[in-house]
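Since the structure comes first, as structure tokens, the remarks are kept for the end.
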Amino acid sequence: MLLCYNSSPSQIATFSLKFSIQGLRKFLTSSDSAFVRIRIDTTPLLQDFRRIVEVQTMFPNSPFNKHLQTNYVPSCIDVSHVQQVLLEPQAELSKLNDHLSHLKRQLDGMKKERDELKDGIDEHHHLLAPFRRLPDDMLREIFLWCLPDDHEAIMSIKEPPLILGRVCQRWNFVVYRTPRLWASLHVALPFAPSLRHASPSETPLEILEKATLEFEARVQLHQHAISEWLCRSGSCPLSISIHPNIGRRHSRPSAKVQSYLNLVFAFAHRLCSLDITVPRDDLSRLLASISFSTFPIPRPMPEFLTSHHSQSPMDE
């Protein structure tokens, strides 16, 4: 809305009809120019008017259009009349909702078809991945770089080399036929069975027998897995570390240390590094059980065998 126009206006003022007229008077009295351009913002009023017009367009014959957007309280007769007026619009609204539901079902079907098509395209794109075309020898070298360089490989499905063999059939074939991937191993010694969580209904002897049987079965499975691991290494030099699991502070490693050593010594002709941590009380007995003839290596045992003693719980 333009009230006055000057060919060379010196000032432009913008007002909103929501403000009082005093602001306009103050501006006019403080202005040095004889002619000013005044622009009044009527957007809020136009928006309210547009909403009313839209409602009345939807209900052009409604006698209650004049009461819309007001605080009008209809009488009992008007309530009945309003309900009659809404019968046809509500039926039209129901048709529109049904139509929208039909369109939504069509859209969902198209999205499903799109997703299936995209999945098929993506699967075919995977066939074009450069990694698929790498020869087995190059895959082996990449897998070897995946091994840890600060400790021996861990017998865990979340760590290489085991995790590499779980990716696909081809990787499994390559991993289990690459001896160097299995030439290092960290052995965590098991703990003796704990009797803390025993059932109150069982006698101490039953509890001990049950725990012992479970522990013996677990040790046998563990040692069988170690033997299979080392057999996969072929004729490669071996690097092995044997340590108790230090995660359980108040538990003592089992007396199965010697059985694990006997298992490792079966591969003594290929051992190039052996790192052992044992309880202090077992260190002397352990060293006494090791014979130089076990290791047919032309260098002194101290350079070949490294042993550490761990503090037993009784020393803490």
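What you see below is based on every heavy atom in this structure, not just the backbone, and it leaves out hydrogens, waters and symmetry mates. The residues of the chain are indexed from 1 along the displayed sequence.
The backbone N or O of G165 lies less than 3.5 Å from a partner atom in the side chain of N172, making a donor-acceptor pair. With hydrogens and angles disregarded, no donor-acceptor distance shorter than 3.5 Å links the side chain of R105 to the backbone of L100. Within the 3.5 Å criterion, the main-chain N or O of Q90 finds no donor-acceptor partner in the side chain of S94. Side-chain N or O atoms of W182 include one that pairs as donor or acceptor with a backbone N or O of V175 at under 3.5 Å.
Checked against a 6.0 Å centroid threshold, the rings of H186 and H243 count as neighbours.
For the atom pair OG1 (T70) and NZ (K66), the distance works out to 10.5 Å, reported to the nearest 0.5 Å. Note that CG of L127 is 11.5 Å distant from CG of D122, once rounded to the nearest 0.5 Å. Once rounded to the nearest 0.5 Å, the distance linking CG of L93 with CD of E88 reads 12.5 Å. Rounded to the nearest 0.5 Å, atoms CD1 (I242) and CD (E152) are 10.5 Å apart. Distance check: I163 CD1 to S156 OG gives 8.0 Å after rounding to the nearest 0.5 Å.
Sparse packing is recorded around CG of N71, with 12 or fewer heavy atoms of other residues, nucleotides or ligands lying under 6.0 Å away. Around the CD atom of E113, the shell of radius 6.0 Å holds no more than 12 heavy atoms that belong to other residues, nucleotides or ligands. Heavy atoms of other residues, nucleotides or ligands lying less than 6.0 angstrom from CZ of R166 number 12 at most. Heavy-atom neighbours of L87 CG from other residues, nucleotides or ligands within 6.0 Å: above the threshold of 12. Heavy-atom neighbours of R140 CZ from other residues, nucleotides or ligands within 6.0 Å: above the threshold of 12.
Residues P161 and L147 are in side-chain contact: their nearest non-hydrogen atoms beyond the backbone lie under 4.5 Å apart. Between E216 and L213, every side-chain heavy-atom pair lies at or beyond the 4.5 Å cut-off. In this structure, the side chains of P63 and V85 come closer than 4.5 Å at one or more pairs of heavy atoms. Residues H81 and F64 have side chains in contact (heavy-atom distance under 4.5 Å, counting atoms from C-beta outward). Taking 4.5 Å as the limit, some side-chain heavy atom of F131 sits within range of a side-chain heavy atom of L134.
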task: Go through Y176 and W171 one step at a time and tell me if the ring-ring contact (aromatic ring centres under 6.0 Å, His included) criterion holds.
output: CA-CA 8 Å; Y176 282 86; W171 284 27; over 10 Å; no
- request: Please report the C-alpha distance between R170 and L139 in whole Å, then the side-chain angles of each, then the deciding distance to 0.1 Å, and finally whether the side chain to side chain contact (heavy atoms under 4.5 Å, CB included) criterion is met.
  value: CA-CA 10 Å; R170 186 195 174 199; L139 273 181; 3.4 Å; yes
task: Begin from the C-alpha positions of E141 and R180 and carry the test salt bridge (charged side-chain N to carboxylate O under 4.0 Å, His left out) through to its verdict.
output: CA-CA 10 Å; E141 291 299 322; R180 285 190 296 167; 3.0 Å; yes
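Scanning for salt bridge (Lys or Arg N to Asp or Glu O under 4.0 Å) contacts around D78 gives an empty result, with sequence neighbours left out. Qualifying side-chain contact (heavy atoms from CB on, under 4.5 Å) partners for L230, counting only residues two or more places apart in sequence or in other chains: L185, I226, L238, I240, F267.
Residues L162 and I154 fall into different hydrophobic clusters, defined by Ile, Leu, Val, Met, Phe, Trp and Tyr side chains chained together at heavy-atom separations under 4.5 Å. One hydrophobic cluster, built from ILVMFWY side chains closer than 4.5 Å, cannot hold both M138 and L128; they sit in different ones. Both M155 and F215 belong to a single network of hydrophobic side chains, linked directly or stepwise wherever heavy atoms of I, L, V, M, F, W or Y lie under 4.5 Å apart. In terms of hydrophobic clustering, with Ile, Leu, Val, Met, Phe, Trp and Tyr side chains grouped at heavy-atom distances under 4.5 Å, F143 and V167 are assigned to a common cluster.
What you find for A153 and S184 is that their closest heavy atoms are N-OG, 3.3 Å. For the pair C146 and P160, the tightest heavy-atom approach, listed with the atom from each and the gap, is O-CG, 3.2 Å. Of all the heavy atoms in S62 and N65, the pair that sits closest is O-ND2, 3.3 Å. The two residues R133 and A129 have their closest heavy-atom pair at NH1-O, 3.9 Å.
Contact check on D108 versus K104 returns a salt bridge, with a Lys/Arg side-chain nitrogen under 4.0 Å from an Asp/Glu carboxylate oxygen. Using a cutoff of 4.0 Å between basic side-chain nitrogens and carboxylate oxygens, K111 and D115 are not scored as salt-bridged. A salt bridge is absent between R177 and D136; no separation between the charged side-chain nitrogens and carboxylate oxygens falls under 4.0 Å.
Residue pairs meeting the side-chain hydrogen bond (donor to acceptor under 3.5 Å, both in side chains) criterion with at least one partner in residues 221-236, sequence neighbours excluded, are H222-Y260, Q223-S259, H224-E228, S233-R270.
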